[in-house]
Amino acid sequence: MASPNSYKLSCSIPGHEMDVRGLSAAFFPDGAFVSVSRDRTGRVWVPNASPDRGFTEMHCMTGHQNFVSCVCIIAPSDTYPRGLIATGGNDHNICVFTLDQPQPLFTLKGHKNTVCTLSSGKFGTLLSGSWDTTAKVWLNEKCMMTLQGHTAAVWAVVILPEQGLMLSGSADKTIKLWKAGRCEKTFTGHEDCVRGLAVVSDLEFFSCSNDTSIRRWLVTGECVQVYYSHTNYIYSLAVFPNGQDFVSTGEDRTLRIWKQGECQQTIRLPAQSVWCCCILPNGDIAVGASDGLIRVFTEVEDRMASPQDLQAFEDELSKTTIDPKTGDLGDIKMEDLPGRDHLDEPGNRDGQTRLIKEGQKVEAYQWSVADSRWMKIGDVVGGSNQQTSKKVNYEGKEYDFVFTIDINEGGPSMKLPYNVTDDPWLTAHNFLQKNELSPMFLDQVANFIVENTKGHTLGAAPPSAADPFTGSGRYIPVAADNRAGFGADPFTGTGRYIPGSGTPTGAPVGVADPFTGGGAYSSAASRQTSTNIYFPKTDGVTFEQANATQIMAKLRELNSGAPGEYRLSEEVLGSLEKLLVSVCDPCASEQPTTEQISLLWKTSHWPEDIVFPILDILRLAVRHPQVNESLCGGDADDGVALCNHLLSLMKPQARPANQMLALRTLCNCFSGWRGRALLLAQREAVLSHAADLCSVCNKNIHIALATLVLNYAGSLHGQPDLEAKAQCLSVASAALESVQDKEAVFRLLVALGTTVASDQTAQDLAKSLGVTSQIAKYTSVTDPAKVGECCQLVLKELQ
């Protein structure tokens, strides 16, 4: 009889023709789970009522053009009350299925390499990770945002229970925490590829790695415990409902069950790679392995397999051949091994292994605490007393094989090194990348390896080698430029909030603008709480205040001390002054000339320490239709040049005055249709760079940044561009993490409200990013009252 807490085989489930790479418990039917395999299929399994208490295949899903590597279940919704199944494959795609149809409901395309991990969250959010070094957030069949920052394949992703927090683990040995699309923290500690992640609670998670360790982390960054027991790569983790105990599987052929921080039980399988595991609703454990079988283990005696089936499983395990290079057996010298009498001594821990000499063979045994006996787990091959194949040296390393591959007749041949401990598909992928060959040849090369190494044990990449999807993969660094913000004057407290208007009238004097002398700025004074007067706000907000006299006085002062090659003649200064007057006075008789606009553009490239008065003229000038059309789109290249120049002035290390004026200039570009079209076309780059200024401690910059996001939100309102709206939500959410000024907060709230107004998909995404909990604290703000009022309206929209 089994001991109370020991797991035994419940059943073995055949069906897949190749490795089982992913498992996930389903919401429906009760007790069901889903598996995916290298045979390009996914299968739904339901418990049957037969005496063997096994599982029956409910249906088979097809749709991928290459092997399927991961699966997750999307929670039930009003539209899909049974939930959905998402699978990721080597064809770079994600297929989404219902539980009763063999073909995909829809396919998500966007990754540029194998999709190897999936996780689902609230409101239908889906998170994917890929060998292309990115993770992507999907909602309603659209990619909402791409998470960039890892420098190697993203092997694991998970969405934490707290809305808006996401984790990614990579072959670059790091784990990253993401909030609203931005990396908030990087966890370091693993010494090799991070292969799996599992949620413990809102505040904790597990990770596993090729370095044979499992780590427990706090989301604040601390590693609170490291677990050792595995002797080779660890591929997957699953946590029991109590949030403390867990299971793990790996390349050492084992399923390990951890309770109270200790490895309580080790179950070896007759397969080299135990790729995946999941915990079923009844507490049983399902595992998938490289032999194509799914095995379910249980600690409930009534669900255990019959004595005959248990013996058959043990017999199968005992006939396994073990290559010492793939496990924890070490270097074997037959002359030093004891005989069978060594098994008369009991083991001291579950899973302990012993090797004995039986004639001319070496046999491996494992101690079972549950049964109080040694169980044979296989015959060892490849010991030092046996004939082994000669190693081949290639590029300073030893390999079991080095194949010569001829791609083109008459062309140079290519070398393909391979060890029997390598996975053929990983090796093939690495070979194709190194030699810049099409990934279409992946199966062809992998099958060539399999055919030419038959009889050898195939496992995963050796620990000494870098992950094959990392060394030569694409590297996408995080964007380094900065984006400008749009909006009304940020140095204000009580001015009028009238986008596109002239100088405010009757506004009390607020904090003076250091370059324009403008007064204070706020929203409309009359607040009607019965109606929403704040959003959606679709007309652009501009920075209108100006003091032409002060601007020109500062320009002349700086010009007098400028280096000779930059000093402006009196004629040029006069032209700039005429331009400034004409763009500030709506009733001016003279219009800006082509020569004046050209001079303005040229002088805007003055040295950064003296250029700010020129930028202030530029800020005011782009509101004028003629200047807006000339600089923002008279020629497509001119518009992009303006955009890039302003972004160069917004780098985090740039001067705050230039950052602020560049942001304001971008805001004012929205006053003309040419400028609006330019900024919408450059949206991804502009908002990415603008977000980099969230951490700058300058309220004026924050207000300009918030206004930029607001202007984008207004331009996108009513448009179907969900990816653009997702970026607005992401930048607004990121800004709210650091912005303190209430005017900036208000404009960000208006931007959020405008983005989600009358758009259910945008509302779902905002909720999944944790916007609701993030802004709730502003509901009680009464000074100014518009902050609290607007916040309450946004929350009402998100209900």
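On a predicted model such as this, the values are computed, not experimentally measured, just so you know. The chain is numbered in sequence order, starting from 1.
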What is the distance from atom CH2 of Trp275 to atom OG of Ser69, rounded to the nearest 0.5 Å?
-> 10.5 Å

Which value, rounded to the nearest 0.5 Å, describes the distance between Lys173 atom NZ and Thr151 atom OG1?
->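 Answer for the NZ-OG1 pair, Lys173 versus Thr151, is 10.0 Å.
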
Flag, side chain of Ser170 to backbone of His150, donor-acceptor distance under 3.5 Å | no

In a check of side-chain contact (heavy atoms from CB on, under 4.5 Å) between [X] and each of [options], which one passes?
X: Asp211; options: Asp192, Val226, Val194; value: Asp192
X: Met145; options: Leu729, Leu769, Leu139; value: Leu769
X: Cys72; options: Thr87, Leu84, Leu118; value: Leu118

Return the set of residues passing side chain to side chain donor-acceptor pair (under 3.5 Å) with Gln244 (not counting sequence neighbours), or none when no residue passes.
-> Arg216

Any idea which heavy atoms bring [X] and [Y] closest together, and the distance?
X: Ala757; Y: Phe535; answer: CB-CD1, 4.3 Å
X: Arg21; Y: Val68; answer: CB-O, 3.7 Å
X: Lys725; Y: Gly718; answer: NZ-N, 4.1 Å

Pairing donors with acceptors under 3.5 angstrom, does anything connect the side chains of [X] and [Y]?
X: Asp764; Y: Gln760; result: yes
X: Trp217; Y: Ser207; result: yes
X: Trp138; Y: Ser128; result: yes
X: Lys767; Y: Thr772; result: no
X: His92; Y: Thr114; result: no

Partner residues of Asp245 under the side chain to side chain contact (heavy atoms under 4.5 Å, CB included) criterion, sequence neighbours left out |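 Asp245 satisfies side chain to side chain contact (heavy atoms under 4.5 Å, CB included) with Phe240, Asn242, Lys259 once adjacent residues are dropped.
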
Salt-bridge test for Asp692 and Arg182: reply yes if a basic N is under 4.0 Å from a carboxylate O, no otherwise.
-> yes

Arg215 with Glu222: basic N within carboxylate O range, under 4.0 Å = no

Fit a plane to each ring of Trp258 and Phe246, take the angle between them on a 0 to 90° scale, and name the class: parallel (under 30°), tilted (30 to 60°) or perpendicular (over 60°).
->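 If you compare the ring of Trp258 with that of Phe246, the planes turn out parallel.
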
For Phe746 and Tyr778, what are the C-alpha separation, side-chain angles and deciding distance, and is it a ring-ring contact (aromatic ring centres under 6.0 Å, His included)?
-> CA-CA 9 Å; Phe746 170 68; Tyr778 297 117; over 10 Å; no

Kindly determine whether Phe187 and Thr174 satisfy side-chain contact (heavy atoms from CB on, under 4.5 Å), including the steps that lead there.
-> CA-CA 6 Å; Phe187 302 78; Thr174 71; over 6 Å; no

